[in-house]
Number of protein chains: 2
Amino acid sequence: MANIDPFVALADPTRRRVFEAIAKHPYAVGELSNFLPVSRPAVSQHLKVLSDAGLVICRPEGTRRIYSARPEGLAEIRAWLDKYWSELLESFSSEVDRGSVINNDRPYR
Amino acid sequence: MANIDPFVALADPTRRRVFEAIAKHPYAVGELSNFLPVSRPAVSQHLKVLSDAGLVICRPEGTRRIYSARPEGLAEIRAWLDKYWSELLESFSSEVDRGSVINNDRPYR
DNA sequence: GATCTATGTTAGCCATGACTTACCGTAAGT
DNA sequence: ACTTACGGTAAGTCATGGCTAACATAGATC
């Protein structure tokens with residue numbers, strides 16, 4: 001609910017490992033803390049961040065909560081990537097057109 | 001030189017604004033600090049991080065240093081994204097096959 | 001070489017956040 | 001109702017990092 005930036009959510013290495021595990025297949029919190037080098041509350045906190053970033057959802061199953069990854073959560077990153085990837089190609093080609101890649105013109109302002 | 005994680009480099013909002021500006025077209029450090037809400041040394045430090053992450057490259061031009069974005073720097077993120085995007089689709093479709101996915105709303109936090 | 005401009009670097013401050021321990025709530029089994 | 005299992009939450013600690021101010025460095029111009 002906190003609308004966390006997915007880049008921030010995935011920047012932490014531990015949290016990214018949590019997401020990568022969940023992306024392969026859903027897990028409960030305890031399972032994750034078994035093969036991750038942090039405590040169960042830490043995993044729980046990471047899952048909250050991932051959830052707030054829209055990267056993960058959970059469904060209760062008895063006393064357990066099964067977390068699974070949410071493909072739409074990656075869409076924001078993908079959109080950003082596509083945008084600036086194409087902008088990079090544009091700016092590169094336009095600089096080539098002006099010849100400012102070869103010589104030392106000042107193409108700024 | 002420090003091989004910084006591109007996710008970490010782009011997680012900071014200010015640093016991402018620096019990269020986004022540079023992606024549109026190259027800038028010198030002072031130019032960036034003019035329209036960014038941080039001091040020039042801060043911009044310089046952000047540029048160092050971006051450079052260590054391989055997202056940016058600079059060429060000296062007199063006393064100025066012109067920074068431009070480096071498309072290959074985004075490749076690592078793109079590769080990661082493609083990998084886990086496809087993994088998500090796989091695991092999702094296999095769960096659908098098993099009938100364990102009812103809907104893809106977000107009923108729980 | 002003196003000096004100005006543009007930038008990198010250092011030191012220190014302060015906020016953020018990742019982590020653990022302890023605690024509390026909730027669902028199932030007996 | 002009690003117990004057990006599982007997981008979210010609070011408090012507190014510690015490390016990281018983003019920021020500014022002050023200093024250091026390199027190129028250009030005279």
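Because only heavy atoms are used, hydrogens play no part in the values below, and waters and symmetry mates are left out as well, while side chains stay in. Not measured: the values here are computed from a predicted model. To find a chain, count down the sequence lines: A is the first, B the second, and so on, and within it residues start at 1.
Under 4.0 Å is where a charged nitrogen must lie from a carboxylate oxygen, and between B:Glu20 and A:Lys83 no such pair does.
A close approach under 4.0 Å does occur between a side-chain nitrogen or oxygen of A:Arg65 and OP1 or OP2 of D:dG8. Here B:Ser39 reaches the OP1 or OP2 of D:dT20: one of its side-chain N or O atoms lies under 4.0 Å away. Phosphate proximity of D:dG17 to B:His46: absent, as no side-chain N or O sits under 4.0 Å from OP1 or OP2.
Taking for each of A:Arg64 and A:Gln45 the nucleotide of DNA chain D with the nearest heavy atom, the 5'-most of the two is the partner of A:Arg64. Looking at which nucleotide of DNA chain C each of A:Arg15 and A:Gly62 is closest to, the 5′-most match is held by A:Arg15. Between A:Thr63 and A:Ala42, it is A:Ala42 whose nearest contact on DNA chain C lies nearer the 5' terminus.
For the pair B:Arg59 (side chain) and B:Ile66 (backbone), a donor-acceptor distance under 3.5 Å is absent. For the pair B:Ser44 (side chain) and B:Arg40 (backbone), a donor-acceptor distance under 3.5 Å is absent. A:Arg15 places no side-chain N or O within donor-acceptor distance of the main-chain N or O of A:Leu10, the cut-off being under 3.5 Å.
Atom CZ in B:Arg59 sits roughly 17 Å away from atom P in D:dG27 (whole-Å rounding). Going from atom CD1 of B:Ile4 over to atom C1' of D:dT16 covers 12 Å, rounded to whole Å. Taking atom CG of residue B:Leu36 and atom C1' of nucleotide D:dC19, one finds them 14 Å apart after rounding to whole Å.
Nucleic acid contact class of B:Arg40 (heavy atoms, under 4.0 Å, all strands): base.
The span of DNA chain C lying next to chain A, judged by atoms under 4.0 Å from heavy atoms, is bounded 5' to 3' by C:dA18 to C:dA28.
Note on B:Tyr67 and B:Ile57: separate hydrophobic clusters, where clusters join Ile, Leu, Val, Met, Phe, Trp and Tyr whose side-chain heavy atoms are under 4.5 Å apart, directly or indirectly. Hydrophobic clustering (side-chain heavy atoms under 4.5 Å, transitive across Ile, Leu, Val, Met, Phe, Trp, Tyr) keeps B:Trp80 apart from B:Val8.
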